[in-house]
Structures are given as structure tokens and as C-alpha cells.
Amino acid sequence: MRFLLSAAFVLCWSSGFIGARLGAGSAPAVTLLMWRFLPLAAVLALVAATTARASWRGLTARDLARQVAVGALSQSGYLFTVYYAIQLGVSSGTTALIDGTQPLVAGALAGPVLHQYVSRRQWLGLCLGLAGVVLVTTADAAAGAGVSRWAYLVPFLGMSSLVAATFLEGRSRTRVAPSVAMTVHCATSAVLFTALATGAGSVRPPAALSFWVAVGWLVALSTFGGYGLYWLILRRSGVTEVNTLMFLMAPVTALWGAAMFGEPFGPQTAAGLAVGLTAVVLVRRGTTPATVPPAGSPPPPARGRTSGHPLVRPRAGDGRPRGVGRPGR
């Protein structure tokens, strides 16, 4: 059962990149994202007004404003760059791999920004992870006919948005229920993408069946499937296992994209993914167990002011992990 749940979680979470690829040819990114989040926001708002009202008690306007900012960075900004990059022709596997470097980058920045300790082994892992990204990106760029070189910078902007949200969320002193965070983040995305689609004149959805298949795919598999299994595995096995599973997303997405869309997957891509996975193993060995969810996930119930990052060790004399949390999506 544990293996089946883990496999289903990896597939559902990876399906977000595939869903973006499905909808890329039928509508602009803002249109697809608008129609993904409008029904989600409506459903979550209804739940918040009925069964989840108790979760909102005690929250101040400042708490909600922080969640709006986190949602705008970790969900709106991140997803727009993912969808836009795929629409420009960047393969889903390459986009997933660049996105997957977020915890490594956040861990590296935790040293100079928060004055936390990052070991030599972890720095070596970070360099290996970067090498893996370069290998896969250059292979994708060489095989991607008609894809502008600057398009490969777009996923890095999304990853940077996630990192910024990571530090913003990590500084929060208030415990925010996952249902509240998800509702605020989805409502924020619905408003932002509706405004962008209106400004671009792209509100009306296309009549193509592929568009609604992509929307249904993203809502059912990526949101409810991915998040539902995330919380189930989190409660059954803990955050460390969920973090580990997250690093399988890039190779699974690359294989899926190659099989479904004919995206490039040659020896250099395989080598780059192998290097990236080696970097993850190297970074995680000898680190303290993570107490935060994977990148882009809703925050778990807080145990203190901040959550520990898997790449950041507590300072000597400190009785609890310190570092940055990961943002809600």
C-alpha cells in the first residue's frame, strides 16, 4: 500500500507539468490558469464559509496579507512561468528539473541570508545539481527546434519566485491551517489570472475539447490528486519521505513527456537527470530530517516560529531547528 500511494503521488504531482503541456496548444497560459483556478477558488470559498470556518478564527489582516503575498509568489508567479515556458517550447521534463532545484537553491541562500550552516558535502551536492540542470537544459535546447534560448530562463524565474516565497513564509509567526492557505492562494491566483486574461483579451475559453481536458486534468489530478495524496502520505509517513518523493518528479515528467509528446530524451538528458538525483542523495545524507513540506506545497501544521530546511542545520547551542519554511501553493 505504501508503494502504491507513493507511486500515485509522484504521478499526480508530475501530471501538473503534463497538463500544462496538454493545454499549451489550445489557449494562452493566462486563459488556462484562469479557468483552472476560478472553479477551485469557488469550491474552496464555499468550504471555508461552511465546514472550515473554525480554521479562520484568530487570523489578522496581516496574516492574510502575508498569505496573499506567498500565494502570489509560490503559486501565481511560479505556475505562470511554468506554463509560459512550456508554451514557448521548453520541454516539461526540463521545466520540472529546474523547478526541482528550488530546495537546493533555498538551502544555499539560507547561509548568507539567515547565517545558517551549510556543509561542504551539501555545497558539492548543490554544484552537482546545477551541473545536472545544465546538462538537461543544453540537451533540450539542442533538440528543441524553434525554441528561443531565452525561453529557458523563464523556469528559473519561477524557481526564484518559489525561493522568495520560501523565505517569506519561513518568517511567519502565525500558524495557518492548510485549508486556509490553499483557499487564499487559489483565490489570489484566480483574481490575478482573471485580471491578466481580461487585460489580454483572453477571458473566453476556446471551444477545443483539448482545453477542457487539460483543465479537468489539472483540477482532478494535479490539485485534488496531488494535494490529497500529499497530505495522506505526510500523515502516514512524515515529511522526509514526501521530500524524497518530490525529487522523482523530474525524471518521471521527462519520461512521461517523451512518451506522450515526443519530447527529447537522449543520453545527455538521462545523464543530467542521474547527476541531479545523485546531487539530491549527496545533499540529504547526514542532514537533519526535514520539518517542512516540499517546494510549492501547503505548509503543514507549524510546531514553532519557523520550520527547518533540509539543507540547513541548527546552529550550535540552539535547541531547535532553524531555517526557512517552504511556501504554500
Side-chain angles (χ1 to χ4, degrees), residues 13 16-17 19-21 23-24 27-38 40-41 44 63-88 90 92 94-106 108-109 113 133 150-172 176 180-200 202-203 215 218-219 222-223 226-227 246 249-250 253 292-299 324-329:
W13 200 275
F17 299 97
R21 180 73 170 80
V30 290
T31 307
L32 182 60
L33 286 163
M34 170 188 165
W35 287 101
R36 173 183 176 177
F37 282 107
L38 274 179
L40 273 176
L44 290 172
D63 297 330
L64 293 176
R66 179 183 291 270
Q67 288 304 313
V68 168
V70 170
L73 287 169
S74 68
Q75 189 178 81
S76 307
Y78 159 69
L79 287 177
F80 177 73
T81 57
V82 167
Y83 284 48
Y84 186 50
I86 291 175
Q87 192 174 64
L88 289 172
V90 180
S92 54
T94 299
T95 306
L97 179 62
I98 295 172
D99 166 47
T101 64
Q102 184 267 345
L104 305 182
V105 174
L109 290 178
V113 174
V133 170
W150 63 266
Y152 292 91
L153 297 176
V154 177
F156 283 98
L157 293 177
M159 183 268 292
S160 301
S161 184
L162 274 179
V163 171
T166 292
F167 286 96
L168 180 61
E169 174 69 24
R171 292 179 178 274
S172 175
V176 177
V180 173
M182 192 171 182
T183 300
V184 174
H185 297 173
C186 286
T188 300
S189 294
V191 170
L192 288 177
F193 289 128
T194 299
L196 287 173
T198 301
S202 303
V203 170
V215 170
L218 290 166
V219 172
S222 306
T223 303
Y227 282 114
M246 289 296 292
M249 304 306 172
T253 302
V292 289
S297 303
V324 293
R326 305 239 188 114
R329 207 164 148 180

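Computed from a prediction, not measured in an experiment: that's the story for all the values here. Sequence positions, counted from 1, serve as the residue numbers for this chain.
In terms of heavy-atom proximity, V215 sits nearest to W35 at CG1-O, 3.7 Å. The two atoms that bring V30 and S202 nearest to each other are CG2-CB, 4.5 Å, heavy atoms only. Smallest separation of non-hydrogen atoms from S74 and S161: N-OG, 4.3 Å. Pairing each heavy atom of A69 with each of L168, the nearest pair is CB-CD2, 3.7 Å. For the residue pair A165 and V70, the shortest heavy atom distance occurs at CB-O, 4.1 Å. Considering every non-hydrogen atom in both L192 and A72, the closest pair reads CD1-CB, 4.1 Å.
Between atom CG of residue L196 and atom OG1 of residue T31 there is a gap of 10.0 Å, rounded to the nearest 0.5 Å. The distance from atom OG1 of T95 to atom CE of M159, rounded to the nearest 0.5 Å, is 12.5 Å. Atoms CG and CZ, on L218 and F37 in that order, are 8.5 Å from each other to the nearest 0.5 Å. Summarising the geometry, atom CD belonging to Q75 is positioned 3.5 Å from atom OG belonging to S189; distances are rounded to the nearest 0.5 Å. Within the model, atoms CZ of F156 and OG1 of T81 stand 11.5 Å from one another, a figure rounded to the nearest 0.5 Å.
Evaluation of the side-chain contact (heavy atoms from CB on, under 4.5 Å) rule for T183 yields L44, A48, W56 as partners, not counting sequence neighbours. Listed by chain and residue number, R36, L40, M182, Y227 satisfy the side-chain contact (heavy atoms from CB on, under 4.5 Å) test with T223 (two or more places apart in sequence, or in another chain). Listed by chain and residue number, F80 satisfy the ring-ring contact (aromatic ring centres under 6.0 Å, His included) test with Y84 (two or more places apart in sequence, or in another chain).
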- Message: Applying side-chain contact (heavy atoms from CB on, under 4.5 Å) to V176 and Q67, what does each step give before you reach the verdict?
- Response: CA-CA 9 Å; V176 177; Q67 288 304 313; 3.8 Å; yes

- After noting the C-alpha distance and the side-chain angles of V68 and V184, does the key distance pass the side-chain contact (heavy atoms from CB on, under 4.5 Å) rule? CA-CA 6 Å; V68 168; V184 174; 3.7 Å; yes

- Query: Does the pair V154 and L88 meet the rule for a side-chain contact (heavy atoms from CB on, under 4.5 Å), with working shown?
  - Reply: CA-CA 9 Å; V154 177; L88 289 172; 4.1 Å; yes

- Trace of the side-chain contact (heavy atoms from CB on, under 4.5 Å) decision for V82 with I86: CA-CA 6 Å; V82 167; I86 291 175; 4.1 Å; yes

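Under a 3.5 Å cut-off, the side chain of S76 and the backbone N or O of L73 do not form any donor-acceptor pair.
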